[in-house]
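Data first, discussion second: the structure below is written as C-alpha cells.
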Amino acid sequence: MVAPIYRIGRRKASRRISAVIDRLNTSYKRHELAEISGSDPFRVLICGILSARAKDTQTAPVCRKLFELADNPASLLVIPKAKLKSIIRPIGFYNQKTDALRKTCRILVENYEGDVPETFEELVKLAGIGRKVANLVLSVAFGKDAICVDTHVHRITNRLGWVESNDVLDTEKQLMALVARRRWRTLNYVFVRHGQECCHPLSPWCSRCPIEKWCAKVAVTRCR
DNA sequence: AAAACGGGGGC
DNA sequence: GCCCCAGTTTT
C-alpha cells in the first residue's frame, strides 16, 4: 500500500500514474464495446446511450444486433419502435433508451444531415446524452481532449488515492489537472474494464489486482 | 433477497 | 439536489 498521490511529489506522482495505466493496459487488452463501435461517431454515440447503468457483457450483444440493422440515424429510424424495444429490453431502461435513440436520430437527420455534432454543447442537447457520453464521443470518435468520468473511473481513482472527491464532476476536474492529455482516452477504457473485472464497488478482489502495489486503498468499501 | 450495472431526465 | 427508470447477473 502506498501514500495517496496528493501527498507525494509531482514527479513521483506522474511516474506512478503512467505505471498504473500501462499495467492496466496490458492486463485488459480487449475492450469489447470499443471494438464494436470503433471510432465511428454514430456507433460510439449509440453505444454510449445504451450502456448507461448496464454491464458491457449485456450491452455488447445488443449493440451488435442493432448495428446489423442500422449503422446510421436514418436507417435506425426505419426500424419499427416495437422491434427496437425488443432488441433493447435485455439491458433494462428500454422505454427511455428506445425513445432517446429515436429522438436523437431524428435530430441528427433533421439538423445535422445525419452526422454527429462535434461540440460538447451540441452533444448534450441530444436525447440520452449527458456529460459522460458527450465526453466519450468527443474523445473516442473525434479524438478531442475530453476526459470521460463514469462511476468506475470515479471509484477507482478515489481508491487509488489519485483524487479526493465525492463528486463525479470534481473528480473529472482533478483528473484533467493530474493526468497527461494523451492518456485520457485509454484511461476510461482500462478503468471501466478494471472496475468490472476486479475493483468492484463493495468487495474488490485486491488479491488478484494487477495494480495493488500502487493503490492507497482509500474508502474501499464506501466509494461508489 | 439484495446489490450492482460505463447515467440521464424531469422536477 | 432528489428520485425514478427496469431487467439481468452476481453475491
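Chain letters run A, B, ... following the sequence lines, proteins first and then strands; every chain starts at 1.
- Per the geometry, CH2 belonging to A:W205 stands 10 Å off C1' belonging to C:dT10, to the nearest Å.
- Salt-bridge check for A:K217 with A:E212: passed, with a basic side-chain N closer than 4.0 Å to an acidic carboxylate O.
- A:W162 pairs with exactly one of A:F191, A:Y6, A:W214 by the ring pair (Phe, Tyr, Trp, His ring centres under 6.0 Å) rule, that one being A:F191.
- The closest donor-acceptor contact from the side chain of A:Q174 to the backbone of A:E164 lies under 3.5 Å.
- Atom-to-atom, CG of A:D99 to P of C:dC5 comes out at 15 Å; the value is rounded to the nearest Å.
- Nucleotides C:dA6 and B:dA1 place their P atoms 23 Å apart, quoted to the nearest Å.
- At a threshold of 4.0 angstrom between heavy atoms, the contacts of A:D56 include nucleobase atoms, whether or not backbone atoms are also involved.
- Proximity of a side-chain donor or acceptor of A:S18 to a complementary backbone N or O of A:R15 within less than 3.5 Å is not detected.
- In this structure, A:N95 reaches the C:dA6 phosphate: one of its side-chain N or O atoms is under 4.0 Å from OP1 or OP2.
- At the phosphate of B:dG7, neither OP1 nor OP2 sits under 4.0 Å from any side-chain N or O atom of A:S51.
- Comparing atom distances between the A:R155 side chain and each of B:dG7, B:dA3, B:dC5 picks out B:dC5 as nearest.
- Going from atom CG of A:L136 over to atom P of B:dG8 covers 10 Å, rounded to whole Å.
- Here the P atom of nucleotide B:dA4 and the NE2 atom of A:H200 are 12 Å apart, to the nearest Å.
- The backbone N or O of A:A52 sits less than 3.5 Å from a side-chain atom of A:K97, completing a donor-acceptor pair.
- Between A:E197 and A:R208, none of the side-chain N atoms (NZ, or NE/NH1/NH2) sits under 4.0 Å from a carboxylate O, so this pair counts as no salt bridge.
- Within 4.0 Å (heavy atoms only), A:V153 reaches no atom of the nucleic acid at all.
- A:R193 comes within 4.0 angstrom of no nucleic acid atom, judged by non-hydrogen atoms across all strands.
- Taking atom CG on A:L45 and atom P on B:dG7, their separation rounds to 16 Å, with Å as the unit.
- The environment of A:E113 atom CD is sparse: at most 12 non-hydrogen atoms of other residues, nucleotides or ligands sit within 6.0 angstrom.
- If you take CG of A:L169 and P of B:dG8, they are 13 Å apart, rounded to a whole angstrom.
- In this structure, A:V62 is not a member of the same hydrophobic cluster as A:F93, with clusters built from ILVMFWY side-chain heavy atoms closer than 4.5 Å.
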Every protein N/O within reach of nucleotides 7-9 of chain C N/O, cut-off under 3.5 Å:
from, atom 1, to, atom 2, distance (Å)
C:dG7, OP1, A:Y94, OH, 3.3

Are any protein N/O atoms closer than 3.5 Å to N/O atoms in nucleotides 9-11 of chain B? If there are, list each pair with its distance.
from, atom 1, to, atom 2, distance (Å)
B:dG9, OP1, A:G128, N, 2.6
B:dG9, OP1, A:I129, N, 3.4

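- Here the separation of B:dG8 from C:dT8, taken at their P atoms, is 22 Å to the nearest Å.
- Considering A:R182, A:R181, A:R185 in turn, A:R181 is the only one that fulfils the salt bridge (charged side-chain N to carboxylate O under 4.0 Å, His left out) rule with A:D145.
- Between A:Y28 and A:H194, the angle of the ring planes lies from 30° to 60°, which puts this pair in the tilted group.
- Between the CZ atom of A:F191 and the P atom of B:dC5 there is a distance of 16 Å, rounded to whole Å.
- Residue A:I88 contributes atom CD1, which lies 13 Å from atom P of C:dA6 at whole-angstrom precision.
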